[in-house]
Amino acid sequence: MTRPADPKFPPKILLASDLAEGDVVFLGAGGWERDLLRAKIAYDAAEAAALEAAGKADVAANRVVDAYLVDVSVDAAGAPTPLHFREKFRAVGPSVRRDLGKQAWLQGAEGR
């Protein structure tokens, strides 16, 4: 379920790289997720600060690296989509092998 967007504050998610696997991960309700659709969405500055604090703690604990907030649009079903090209690209996985990683999983998940 989505909340009304604040025009002064675009919704955000927290993105990082998993230190052990190297995958791009998103902070979700239960921890770091590989599925963008499970990312926790911050709709205001306080929620964004909480996401960022959780990311900094996990960076300090060597669970993830390069944790940062990403502006997203949220569709009617509540699915976030990064607004910037770099994060859109990172969200779908490696570009050199479309049969591996998130790209392969997303191709097989079209019917879900």
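Only heavy atoms go into these numbers, but all of them, side chains included; no hydrogens, no water, no symmetry mates. If you're wondering where the values come from, they're calculated on a predicted model, not measured in any experiment.
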Minimum heavy-atom distance [X]-[Y], with the two atoms named:
X: Gly78; Y: Ile41; answer: O-CD1, 3.6 Å
X: Gly55; Y: Leu14; answer: CA-CD2, 3.5 Å
X: Ala42; Y: Ala48; answer: CB-N, 3.4 Å

Got a second to check how far [X]'s [atom1] is from [Y]'s [atom2], nearest 0.5 Å?
X: Asp23; Y: Ser17; atom1: CG; atom2: OG; result: 8.5 Å
X: Trp32; Y: Leu15; atom1: CH2; atom2: CG; result: 7.5 Å
X: Leu51; Y: Lys12; atom1: CG; atom2: NZ; result: 10.5 Å
X: Phe26; Y: Arg34; atom1: CZ; atom2: CZ; result: 10.5 Å
X: Leu19; Y: Asp66; atom1: CG; atom2: CG; result: 11.5 Å

- Query: If only atom types and distance count, is the side chain of Glu47 paired as donor or acceptor with the main-chain N or O of Tyr43 below 3.5 Å?
  - Reply: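 Yes.
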- Task: Begin with the C-alpha distance, continue with both residues' side-chain angles, and end with the deciding distance and a verdict on side chain to side chain contact (heavy atoms under 4.5 Å, CB included) for Leu27 and Glu33.
- Result: CA-CA 6 Å; Leu27 188 60; Glu33 304 280 352; over 6 Å; no
Within the structure provided, determine whether [X] and [Y] are in side-chain contact (heavy-atom separation under 4.5 Å).
X: Pro80; Y: Leu36; result: yes
X: Leu69; Y: Glu52; result: yes
X: Thr81; Y: Leu83; result: no
X: Glu87; Y: Tyr68; result: yes

- Item | Shared hydrophobic cluster, Val65 / Ile13 (ILVMFWY, side-chain heavy atoms < 4.5 Å) | no
- Task: Inspect the contact between Arg63 and Asp18 and indicate whether a charged nitrogen and a carboxylate oxygen are less than 4.0 angstrom apart.
- Result: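 No salt bridge links Asp18 with Arg63.
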